[in-house]
Amino acid sequence: MIDLLTDAGVPVRALVRRSESAATLPATVEVVTGDLTVPRSLDAALHAVSTVFLVWTAPPQAAAAVVDRLAARAQRVVYLPAPHQTPHPFFQQPNPMAALHADLV
């Protein structure tokens, strides 16, 4: 997804929990550190953003506060409801994230 956006010339900002997670991102991607379990840490990532592509990896109890923060700042939120079906190893079955995403939808 990021490659498609950057290839199209769309500015991309990525939220990462740890800065080393950004090592594989293209150099044109702006990286901001934050944590979905700490909603106020999202403010820098949400500054002047119109669209958010959300892949949820935090506990479900954090969802309401994050959704409120996103709704207050972004015009559009694209939510990937079933990342556990993607080929990325983090989302492979058996995985507790499958139950989490089922609860969030």
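Keep in mind it's a predicted model, so treat the numbers as computed, not measured.
- No more than 12 heavy atoms of other residues, nucleotides or ligands shown are found within 6.0 angstrom of CD on Gln75.
- Applying the salt bridge (charged side-chain N to carboxylate O under 4.0 Å, His left out) test to residues at least two apart or on different chains, none of the pairs has a partner in residues 44-67.
- Residues Leu42 and Leu36 form a side-chain contact, since some pair of their non-hydrogen atoms from C-beta on lies under 4.5 Å apart.
- Scanning all heavy atoms of the two residues, the minimum distance from Val32 to Ala45 falls at CG1-N, 3.7 Å.
- There is no path of hydrophobic side-chain contacts, each under 4.5 Å, that joins Val78 to Val67.
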Quiz: residues 22-31 side-chain donor-acceptor pairs under 3.5 angstrom, not counting sequence neighbours:
residue, atom, partner, partner atom, Å
Glu30, OE1, Arg13, NE, 3.1
Glu30, OE1, Arg13, NH2, 3.4
Glu30, OE2, Arg13, NE, 3.4

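- Among residues two or more places apart in sequence or in another chain, the side chain to side chain contact (heavy atoms under 4.5 Å, CB included) test is passed with Arg73 by Asp43, Leu46, Arg69.
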Given side-chain contact (heavy atoms from CB on, under 4.5 Å), test Phe53 with Ile2 step by step and report yes or no. CA-CA 10 Å; Phe53 182 79; Ile2 290 175; over 6 Å; no
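- Pairs of residues two or more places apart, or lying in two chains, never qualify as salt bridge (charged side-chain N to carboxylate O under 4.0 Å, His left out) while including a residue from residues 48-58.
- Contacts of Asp35 classified as side chain to side chain contact (heavy atoms under 4.5 Å, CB included), with partners at least two apart in sequence or in another chain: Arg17, Thr37, Val38, Ser41.
- Under the side-chain hydrogen bond (donor to acceptor under 3.5 Å, both in side chains) criterion, Arg76 pairs with Thr51, sequence neighbours left out.
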